[in-house]
Structures are given as C-alpha cells and as structure tokens.
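The structure appears right after this line, and notes come after that.
Just so it is clear, the structure is predicted and the values come from calculations on it, not from any experiment. Numbering of ligands and ligand atoms starts at 1, following listing order.
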Amino acid sequence: MNVLVVGNGGREHALAWKLRDSPRADRVFVAPGNAGTAVDAENVDISATDIPRIVEFAKQNDVRLTVVGPEAPLVAGMVDALQDAGLRVFGPSKAAAELEGSKVFCKNLLRHADVPSADYQVFRDAESAIHYLTERDDNPVVVKADGLAAGKGVLVCRNRAEALEAVQRIAGDREFGAAGDQLVIEERLVGQEASVLAITDGRTILTLPAAQDHKPAYDGDQGPNTGGMGAYCPTPLVSNSMLDKVEETVLVPTIHQMKRNRRPFRGILYAGLMLTKGGPKVLEYNVRFGDPECQPLLMRLKSDLLEVLDAAVDGRLDEIEPLEWDPRPAVCVVMASEGYPGSYEKGHPIRGLDDAGALPNVKVFHAGTASIDGQVVNTGGRVVGVTALGESIAKAKLAAYQAVKHIRWQGAWCRKDISDKAIS
Ligand code: AMP
Ligand code: GLY
C-alpha cells in the first residue's frame, strides 16, 4: 500500500524510514519532508498544515494510510478532514487532540480521571491570576499558556516575582497571542523527567519502552528550552514495574475518560512525566510521537510498524502480536544550527553525512535539511539526529558521538551529555 507521512522533522524521517521497511509498503511519501526523507522515501511539496492539499494528494495517489507527525495539523483537524474524504489515517481527531492543544482541557481531564498530576488553577485574565499569586504561599509554580505555543508557552518560575512576570508575558503582553486566552498556574514538581508513549486504537494500549528527552539547550540541563537536544531509550529511570504503574494509573484512565467525554483517542498518547518522590506525575500530554524520542524508539523497534499502525486505524490492535524490540539501547544526539533555539543562519553545506551513516548500527535522521543543487544544507534549528544502537547505553552513546564527529557545517553544535543521567 502507499503511505503518506506528514511533517518534515527527524520524527518524520524516522517514521518514513521504518514504514518503508514493511513488506506491505509500496510508495512512501513525505509531505514536505527534508533531504533525508528524499533519499529514504519520496518528498511531496505540500506544507504539513495544508489540509486541503494533503487530502487531495492522498486521494489522487491511492494513499491507504496517512500518518500525521506534528501536533499543529492534528489540532487543526487534519485527521477529521482525511476521514471525511473516506481516507485511512493514523492519529487523533481534532476533538481528541485537545489533550495537547489545550492545557486547560488536559488538566481538567486529568483531574476527572484521577490521574496523578500537579495541583493547578485556571485563569482567564491577568488580574485574577495576580490576585491568586499574591494571596498564596510563595512556593515555586509553573505558569502555562493554554494553547499551542511551539513549546515556549511554559514558564517555570522559582518565586512569586518570576510568576508575576510570567503572567504579565502571557496575559498582559499577550506574547503567545490567543494561546494565552487562558492560563494555568500549577505547582512546580521536582524529579527526573521521562517520556512514556503508547499506541492506542481507543480500546487497546500498546505501551512503548520509556525514553528520556533533553530539552534544555546546553550540557547539564542549562540554558533555554528547545524542542529536544537528544533522547535515549529505554531509560533505566523507569523500571518495568513503574512502566506497568504508569500504564495502569495514567494511560488507561486517560483513554477511558476520553471515551466517556465522547472524544475517543486513537493515535500516539505521549505522557510527559515527572518522576517525583510520590510516584510518576503527568506534566503534559502530547498526541503524537515525540521528537527526538521517536528516533531511538523506532531504531529499536523490530515489529512491522505499518502493520501496527494499520491495525490501530481499524481498531484491531488487540489482534497484534506483542511488539518486538532490539534488546540494545539506542541514543540519539541532535546536532543544531549556531544560535538555535534563537535565530540562526541557514544554507550552510553539511559534510560527512555519508561517512557517519556508513558506520555500523548508526542512522542519521534528518530534521532541518534540504538538498539544493545536490548539496545538503541546514534549513532548521535542529538539523540532524544521529542515532546509534549499542550493547549498553554507554556504548550506544559512544557510537552516536563517533558518528557525530564526521558531520560538519559552519556553526554545528550538540550537547555532549545525552544519556548521562542513565549512566551516572
Ligand atoms: P510541557 O510543555 O508542559 O511539558 O512543559 C515543558 C517543560 O516544562 C517540561 O518538560 C518540564 O521541564 C517543565 N514543566 C512543566 N510543568 C512542570 C511542573 N508542574 N513542574 C516542574 N516542571 C514543569
Ligand atoms: N521531545 C518533546 C516533544 O516532542 O514534545
């Protein structure tokens, strides 16, 4: 069957690369893709948020399965539009994607489902939020814009002064526009973070091994937040018994509550967790694969991903054999453009991609790249995700960084400590 992956990041390169592996895959399209997906699949020049053209393309090219990578088209209703056109698509409906699209919706749902999460309050204007902050104890809080803000609408505050400033930015200055129409102020949790993702058809849940992302830009979790500078999987921070507990106390009640709310959830349910002294608590839900968590996860997956996603679309995940995983851990190191997550220059030629990719047990997933006159150049902040398997996390880390050494462009940089929290 023909398959279409929507998006242009490292996650979508990994999805296309893995789906292409299926004996059932004929053509694998990526819209719009990058220089890596142009090699492992076929790029289609349509933006990931252009719903009418995606639907048209899928109809005209006999696409039997569309997989939507990023949150924006999901929250905008791409899945509904494809389904309305009689097409098969893996991902949540617009109503179900609210779980990521609205933090207020998510927090209220977690409360109703009795899923462990930080205590919170919702505000519709700056005055009531300021009043609340002035009245309560001066404990650290996190202030969040309700809507999608490209990962920037979450402000972690050390004290009241910082919290008041955060309220001003979201509700006063309207830094995040309409995403700040409501805001959430919640208790600041302490612990290690981990990502637990599951594939679900709304009835059956296939929980994937836990991964750990590295959101801050610099080593030792210093510097500004990014989309994620690297990830590894599985993380020993989440034991098998803890993973069972997350499934039982987090994922299952969430899926049930979504069903009760008449917003059945199909797709990837991604729980961003804080591993607190009192057990794992949900920081947020995403409704898609994590980027870069997807890259090490799919590097380890041995089962036929197309088979699994296809079954999820038909609501028959219960018929699928348990997922098979490479026992070896995988580490993904993101190489970024100089200046990222701020502004950066584009168009620098990238060298050494073939040498890096030729190393054993290494795959270079492209993110912000394009091929111009036969030359691969950087076009985004996160440029490539160098991913390696190894007998241990330490060996996978070593292999990934050895591959990183081959890749060069003007201003390229990466964190040097991806996966160290697992090793120490
Ligand atoms: P989110 O987009 O909601 O996952 O938030 C982005 C990042 O903010 C998370 O990865 C955490 O590092 C941090 N964060 C969010 N909520 C909290 C919280 N309640 N306590 C501590 N840190 C948080
Ligand atoms: N890796 C974090 C995210 O995909 O949101």
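Close contacts between ligand 2 and D213 involve ligand atoms 1 (N), 2 (C) [criterion: under 4.0 Å to a heavy atom]. Here is the list of ligand 2 atoms found below 4.0 Å of a heavy atom in G290: 4 (O). Interface atoms of ligand 2 facing N286, defined by a heavy-atom separation under 4.0 Å, are 5 (O). Close approach of ligand 2 to G227 is summarised as follows: ligand atoms under 4.0 Å from at least one heavy atom of the residue are 1 (N), 2 (C). Atom numbering of ligand 1 starts at 1 in the shown order; those under 4.0 Å from a heavy atom of R188 are 20 (N), 21 (C).
With respect to R88 and D314, a salt bridge is recorded, a charged nitrogen being found less than 4.0 Å from a carboxylate O. The pair R174-D181 meets the salt-bridge criterion, with a side-chain N (NZ, NE, NH1 or NH2) lying under 4.0 Å from an Asp/Glu carboxylate O.
The heavy atom nearest to atom 16 (N) of ligand 1, out of those in E187, K144, E193, K103, is found in K144. Distances from atom 18 (C) of ligand 1 to the heavy atoms of I185, V142, T276, V184 show the closest one on V142. The nearest non-hydrogen atom to atom 5 (O) of ligand 2, considering only R11, K215, R288, comes from R288.
Given atom 17 (C) of ligand 1, the protein heavy atom at minimum distance is L283 CD2, 3.4 Å. Among all non-hydrogen protein atoms, the one lying nearest atom 2 (O) of ligand 1 is E284 OE1, 3.1 Å. Summary of contacts: the protein heavy atom closest to atom 13 (C) of ligand 1 is V156 CG2, 3.8 Å. Of the protein's heavy atoms, M274 CE, 3.8 Å lies nearest to atom 22 (N) of ligand 1. In this structure, the protein non-hydrogen atom closest to atom 21 (C) of ligand 1 is L189 O, 3.3 Å.
Side-chain contact of S195 with E293: a donor-acceptor pair under 3.5 Å is present, judged by distance alone.
By the criterion of a heavy-atom distance under 4.0 Å, the side chain of V154, and not its backbone, is placed next to ligand 1.
Using a distance-only test at 3.5 Å, with no hydrogens or angles considered, a donor-acceptor pair links the side chain of N159 to the main chain of A161. Between the side chain of D173 and the backbone N or O of E175, no donor-acceptor pair lies under 3.5 Å.
Annotation: E186 places an N or O atom under 3.5 Å from an N or O atom of ligand 1; distance criterion only. Any N or O atom pair closer than 3.5 Å counts here, and N225 shares no such pair with ligand 1.
At least one side-chain heavy atom of R11 sits less than 4.5 Å from a side-chain heavy atom of P70. You'll find the side chain of V404 reaches within 4.5 Å of the side chain of M335, heavy atoms only.
Ring-plane geometry between Y340 and W413 is classed as tilted, the angle between the planes lying from 30 to 60 degrees on a 0 to 90 degree scale. Between H366 and H13, the two ring planes are perpendicular [angle over 60°; tilted spans 30° to 60°].
If you look at F123 and Y132, their ring centroids are closer than 6.0 Å.
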Please step through side-chain hydrogen bond (donor to acceptor under 3.5 Å, both in side chains) for the pair Y218 and D417, ending with a clear verdict.
CA-CA 9 Å; Y218 311 130; D417 64 345; over 6 Å; no
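Residue contacts with ligand 2 do not include G272, since none of its heavy atoms lies under 4.0 Å from the ligand.
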